[in-house]
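Source: prediction; values computed, not measured.
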Amino acid sequence: MVEFDITLWFTLGTLGMALGSIGLGYGLLVLPSEWRRSYADVVVVTLIATVAYGLMALGIGDIGAANGATVSLPRYADWLLTTPLHVVFIAVIAGADRRLTLTAAGLQAATIVLGFAGALVTSPLKELFFLAGSLVFVIVVYLLVVEAAETADQQDVTTAGLYRKLRNFVIVLWLIYPVIWLLAPTGYGFMDAETSSLVITYIDVVAKVGFGLIALNGLQSLQSFGVDRLGQSLADD
């Protein structure tokens with residue numbers, strides 16, 4: 001009989017990310033060569049997550065927090081690397097300049113660092129780190145929803161539509177993570193470790209593999225419409 005525990009969720013997460021990486025890798029074969037460097041971001045994201053979930057399934061990288069909870073170092077390392085990569089990819093689609101792209105990606109990385117620090121300590125530092133991370137995330141959302149959107153609106157209709165779809169997809173999903181952080185043992189323990197691991201694994205697979213599939217489908221649509229300017233704004237800046 002299969003035992004439903006954290007190891008099982010992390011094992012399923014590893015398989016989901018690995019299969020997603022294989023599927024998304026197909027895009028590197030069919031997309032125009034000048035787009036592959038930017039598109040490689042979404043493949044790298046699922047590859048990093050595959051390694052992180054593999055380590056978590058093996059119980060490697062667990063750290064004891066001050067409140068007795070277990071904090072997974074591979075999970076935060078995964079988010080620290082992959083969420084800025086998603087921000088960069090979205091910014092490239094929007095045609096954002098280097099300053100805006102690096103600022104948004106750097107601030108997104110800062111939200112992960114602050115969340116990790118908050119998970120390790122107790123009140124009132126926990127709440128301070130959480131509030132600081134939330135404030136930084138609001139700035140990231142502002143940069144993507146307002147500033148990057150201005151440059152995206154200068155692109156063709158298909159490119160601007162892909163930008164809005166990817167941006168809204170990640171923002172909505174990323175809004176769920178702070179709620180789970182608060183409910184899980186890393187926050188106030190209203191949700192046990194097994195349940196929170198199941199929920200986070202599910203959202204992680206949807207966020208990373210789902211994002212990649214939307215990106216691949218959208219880029220193929222751009223290709224069919226003859227769009228050939230992907231990433232030029234960032235590369236030429």
Side-chain angles (χ1 to χ4, degrees), residues 9-10 12-21 23-24 27 39 41-50 52-53 56 72 74-94 96 101 104-116 118-119 130 133-146 148-149 152 160-184 186-187 190-191 195-219:
W9 308 141
F10 290 163
L12 292 175
T14 306
L15 293 174
M17 294 296 183
L19 291 174
S21 299
L24 295 176
Y39 174 76
D41 274 10
V42 302
V43 183
V44 170
V45 163
T46 52
L47 288 173
I48 291 173
T50 301
Y53 270 94
M56 290 190 288
S72 174
R75 167 172 287 158
Y76 281 93
D78 169 2
W79 292 344
L80 179 63
L81 296 172
T82 59
T83 57
L85 284 175
H86 273 167
V87 169
V88 169
F89 185 79
I90 294 170
V92 167
I93 297 295
T101 302
L107 290 175
Q108 176 56 35
T111 68
I112 304 303
V113 173
L114 291 167
F116 177 68
F130 179 82
S134 299
L135 177 61
V136 175
F137 182 65
V138 168
I139 299 173
V140 174
V141 172
Y142 169 80
L143 293 175
L144 295 178
V145 171
V146 178
L162 175 59
Y163 163 75
R164 287 193 294 272
K165 184 182 294 184
L166 290 171
R167 179 200 64 191
N168 295 341
F169 182 79
V170 293
I171 288 177
V172 169
L173 285 177
W174 286 353
L175 286 173
I176 301 174
Y177 285 96
V179 177
I180 300 173
W181 190 95
L182 288 171
L183 296 176
T186 50
F190 296 113
M191 182 185 292
T195 304
S196 61
S197 296
L198 167 62
V199 175
I200 291 176
T201 300
Y202 174 77
I203 295 176
D204 257 357
V205 173
V206 172
K208 292 180 170 65
V209 179
F211 182 96
L213 292 174
I214 293 173
L216 177 57
N217 181 262
L219 293 178

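Counting heavy atoms from C-beta outward, Ile171 and Leu175 have side chains that approach closer than 4.5 Å. Phe211 is not listed as a side-chain neighbour of Leu216, based on a closest heavy-atom distance of 4.5 Å or more. When side chains are defined from C-beta on, Thr101 does not count as touching Val92, because their heavy atoms never get closer than 4.5 Å. Within the 4.5 Å cutoff, the side chain of Tyr163 has no heavy atoms near those of the Leu166 side chain. Here the side chains of Asp204 and Met17 are in contact, with some heavy-atom distance below 4.5 Å. Phe10 has its side chain within reach of Arg75: a pair of non-hydrogen atoms, C-beta onward, lies under 4.5 Å apart. Side chains of Ile203 and Ile180 form a contact here, defined as non-hydrogen atoms less than 4.5 Å apart. Counting heavy atoms from C-beta outward, Met56 and Trp9 have side chains that stay 4.5 Å or more apart.
Closest heavy-atom contact between Ala94 and Ala148: CB-O, 3.7 Å. When all heavy atoms of Val88 and Ala105 are compared, the pair lying nearest together is CG2-CB, 3.9 Å. Here the closest heavy-atom approach between residue Lys208 and residue Ala49 is recorded as CD-CB, 3.6 Å. Minimum interatomic distance between Ala119 and Tyr76 (heavy atoms only, all atoms of both residues): CB-OH, 3.8 Å. Shortest non-hydrogen contact noted between Thr50 and Thr14 is O-CG2, 3.8 Å. A pairwise comparison of heavy atoms in Arg167 and Leu144 identifies CD-O, 3.5 Å as the closest pair.
Trp181 contributes no side-chain N or O that, together with a main-chain N or O of Thr186, makes up a donor-acceptor pair within less than 3.5 Å. No donor-acceptor distance shorter than 3.5 angstrom exists from the side chain of Thr201 to the backbone of Gly13, with no hydrogens or angles considered. The main-chain N or O of Val43 is found under 3.5 Å from a side-chain atom of Thr46 such that the two form a donor-acceptor pair.
His86 NE2 to Trp174 CH2: the interatomic distance, rounded to the nearest 0.5 Å, is 7.0 Å. Distance CG/Leu198 to CE/Met191: 9.0 Å, rounded to 0.5 Å. Taking CG from Leu80 and OG1 from Thr111, the interatomic distance works out to 9.0 Å, rounded to the nearest 0.5 Å. To the nearest 0.5 Å, atoms OG1 (Thr82) and CD (Gln108) are separated by 9.0 Å. Here the straight-line distance linking atom CZ of Phe137 with atom CG of Leu107 works out to 11.5 Å at 0.5 Å rounding.
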request  = Give the C-alpha distance, both sets of side-chain angles, the deciding distance and a yes or no for side-chain contact (heavy atoms from CB on, under 4.5 Å) between Ile48 and Leu85.
outcome  = CA-CA 11 Å; Ile48 291 173; Leu85 284 175; 4.3 Å; yes
request  = Quick one: do Tyr53 and Asp78 satisfy side-chain hydrogen bond (donor to acceptor under 3.5 Å, both in side chains)? Show the steps, please.
outcome  = CA-CA 9 Å; Tyr53 270 94; Asp78 169 2; 5.8 Å; no
Verdict with supporting geometry, Leu162 and Asn217, side-chain contact (heavy atoms from CB on, under 4.5 Å) = CA-CA 9 Å; Leu162 175 59; Asn217 181 262; over 6 Å; no
task = Would you check, one step at a time, whether the test side-chain contact (heavy atoms from CB on, under 4.5 Å) holds for Tyr202 with Val205?
result = CA-CA 5 Å; Tyr202 174 77; Val205 173; over 6 Å; no
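For Tyr177 and Trp79, the distance between ring centers is under 6.0 angstrom.
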